[in-house]
Enquirer: 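Have a look at this one before I ask anything.
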Amino acid sequence: MPTNQKFPVNDQSKNYTFFQNVWDVVRQIPSGKVTTYGTIANYLGTGLSARMVGWAMNHSFVVSPKVPAHRVVNRNGMLSGKMHFSPPEKMQSLLEKEGLTIVDDQIKDFQLYFWDPSTELL
DNA sequence: AGTATGACTCATT
DNA sequence: AAATGAGCCATAC
């Protein structure tokens with residue numbers, strides 16, 4: 001485990017792999033696509049709850065390369081995490097810039113942009 | 001050391 | 001169909 005990355009998880013913690021996996025998956029989300037916390041958790045093994053994925057996202061800013069956390073939303077396509085961005089509007093504007101439409105903090109035609117790692121990623 | 005909390009979800013009422 | 005409760009598991013206090 002590289003040392004320049006600092007987050008409140010000990011090196012020996014097996015959860016470290018989980019975090020890395022989460023970030024790796026998120027990084028592979030193509031531009032203009034989104035996925036959900038639960039999907040990622042399920043893809044990595046149902047043993048870990050979606051909350052941990054959200055928690056990983058919360059710390060995705062302190063690792064490098066940076067993770068496109070704006071492409072991860074809850075299962076309804078709602079931008080539940082926008083408030084955790086520097087300017088909260090950043091998340092929405094980034095998604096809109098990638099061609100998505102957001103209404104009331106929700107992605108329009110969410111299913112159309114949904115990206116499932118277990119099916120789209122080998 | 002025990003409780004509370006969270007960028008979540010699913011099952012039950 | 002909307003509201004509620006319960007699992008989830010690592011941090012924070």
Side-chain angles (χ1 to χ4, degrees):
Chain A
M1 172 66 210
T3 56
N4 63 337
Q5 302 177 354
K6 45 178 184 286
F7 48 84
V9 177
N10 288 332
D11 293 349
Q12 297 182 349
S13 173
K14 63 182 177 184
N15 302 308
Y16 172 75
T17 303
F18 170 70
F19 282 82
Q20 282 297 305
N21 287 338
V22 171
W23 294 325
D24 280 344
V25 171
V26 175
R27 283 193 202 101
Q28 294 176 69
I29 301 175
S31 177
K33 295 282 186 167
V34 291
T35 193
T36 74
Y37 307 96
T39 300
I40 295 173
N42 189 49
Y43 174 70
L44 298 177
T46 57
L48 298 157
S49 78
R51 288 180 184 274
M52 291 302 94
V53 177
W55 189 88
M57 288 301 98
N58 191 28
H59 286 52
S60 65
F61 299 100
V62 307
V63 297
S64 60
K66 293 280 165 71
V67 172
H70 59 281
R71 299 194 184 125
V72 184
V73 297
N74 71 1
R75 79 171 205 87
N76 300 312
M78 187 161 62
L79 308 188
S80 48
K82 66 176 276 185
M83 54 186 81
H84 293 268
F85 280 74
S86 314
E89 306 82 36
K90 190 83 179 289
M91 184 177 190
Q92 174 169 344
S93 58
L94 281 175
L95 288 172
E96 288 176 334
K97 195 185 263 185
E98 295 182 356
L100 281 76
T101 306
I102 291 144
V103 180
D104 278 339
D105 292 345
Q106 259 189 212
I107 299 174
K108 190 173 186 249
D109 297 326
F110 168 63
Q111 207 171 107
L112 186 64
Y113 301 105
F114 182 70
W115 181 84
D116 188 348
S118 63
T119 60
E120 316 235 5
L121 187 70
L122 290 216

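Below, chains carry the letters A, B, ... as their sequence lines are ordered, and counting in each starts from 1.
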Enquirer: Say you pick atom C1' in C:dA3 and the same atom in B:dA7; how far apart are they, in whole Å?
Expert: 22 Å
Enquirer: If you look at every strand shown and take non-hydrogen atoms under 4.0 Å, does A:N74 touch a base, only sugar-phosphate, or nothing?
Expert: sugar-phosphate
Enquirer: Looking for any heavy atom pair under 4.0 Å, which part of the strands does A:A41 touch: base, sugar-phosphate only, or nothing?
Expert: nothing
Enquirer: Quick check for you: among C:dT11, B:dA7, B:dT9, whose closest atom lies nearest to any side-chain atom of A:W55?
Expert: C:dT11
Enquirer: Please say which of A:T39, A:T36, A:I40 ends up in a side chain to side chain contact (heavy atoms under 4.5 Å, CB included) with A:V72.
Expert: A:I40
Enquirer: For the side chain of A:S49, starting at C-beta, report the closest nucleotide among B:dA7, C:dC8, C:dA10.
Expert: C:dC8
Enquirer: Which heavy-atom pair separates A:M57 from A:V22 by the least distance, and what is that distance?
Expert: CE-CG1, 3.4 Å
Enquirer: Within this structure, what is the CH2-to-C1' distance between A:W23 and B:dA7, rounded to whole angstrom?
Expert: 14 Å
Enquirer: Just how far, in rounded Å, is P of B:dA7 from CD1 of A:I107?
Expert: 17 Å
Enquirer: In whole angstrom, give the distance that lies between atom CZ of A:F19 and atom P of B:dA7.
Expert: 14 Å
Enquirer: When you check the gap from the basic side-chain N to the acidic O, do A:E120 and A:K33 get nearer than 4.0 Å?
Expert: no
Enquirer: Roughly how many Å is it from CE in A:M52 to P in C:dG7, rounded to a whole number?
Expert: 16 Å
Enquirer: For the side chain of A:F61, counting heavy atoms from C-beta on, which of C:dT11, B:dT9, B:dA7 is nearest?
Expert: B:dA7
Enquirer: How long is the straight-line distance from CE of A:M83 back to CE of A:M91, given to the nearest 0.5 Å?
Expert: 10.0 Å
Enquirer: Starting from P on B:dA7, measure out to CZ on A:R71 and report it in whole angstrom.
Expert: 22 Å
Enquirer: What is the distance, to the nearest angstrom, from the CG atom on A:L79 to the P atom on B:dA7?
Expert: 14 Å
Enquirer: Respond yes when some side-chain nitrogen or oxygen of A:T36 is under 4.0 Å from OP1 or OP2 of B:dT9, and no when none is.
Expert: yes
Enquirer: When rounded to the nearest Å, what value does the distance between P atoms of B:dA4 and C:dG5 take?
Expert: 16 Å
Enquirer: Tell me which donor-acceptor pairs under 3.5 Å the side chains of residues 107-115 of chain A have, and how far apart each pair is, sequence neighbours excluded?
Expert:
none

Enquirer: In terms of side-chain heavy atoms of A:M57, which of B:dA7, C:dA10, B:dT9 is nearest?
Expert: B:dA7
Enquirer: Output the rounded distance in Å from CZ (A:F110) to C1' (B:dT9).
Expert: 13 Å
Enquirer: Rounded to whole angstrom units, what separation is found between the CE atom of A:M78 and the C1' atom of B:dT9?
Expert: 12 Å
Enquirer: Please determine, for the side chain of A:F85, which listed nucleotide (B:dA7, B:dT9, B:dG6) has the closest atom?
Expert: B:dA7
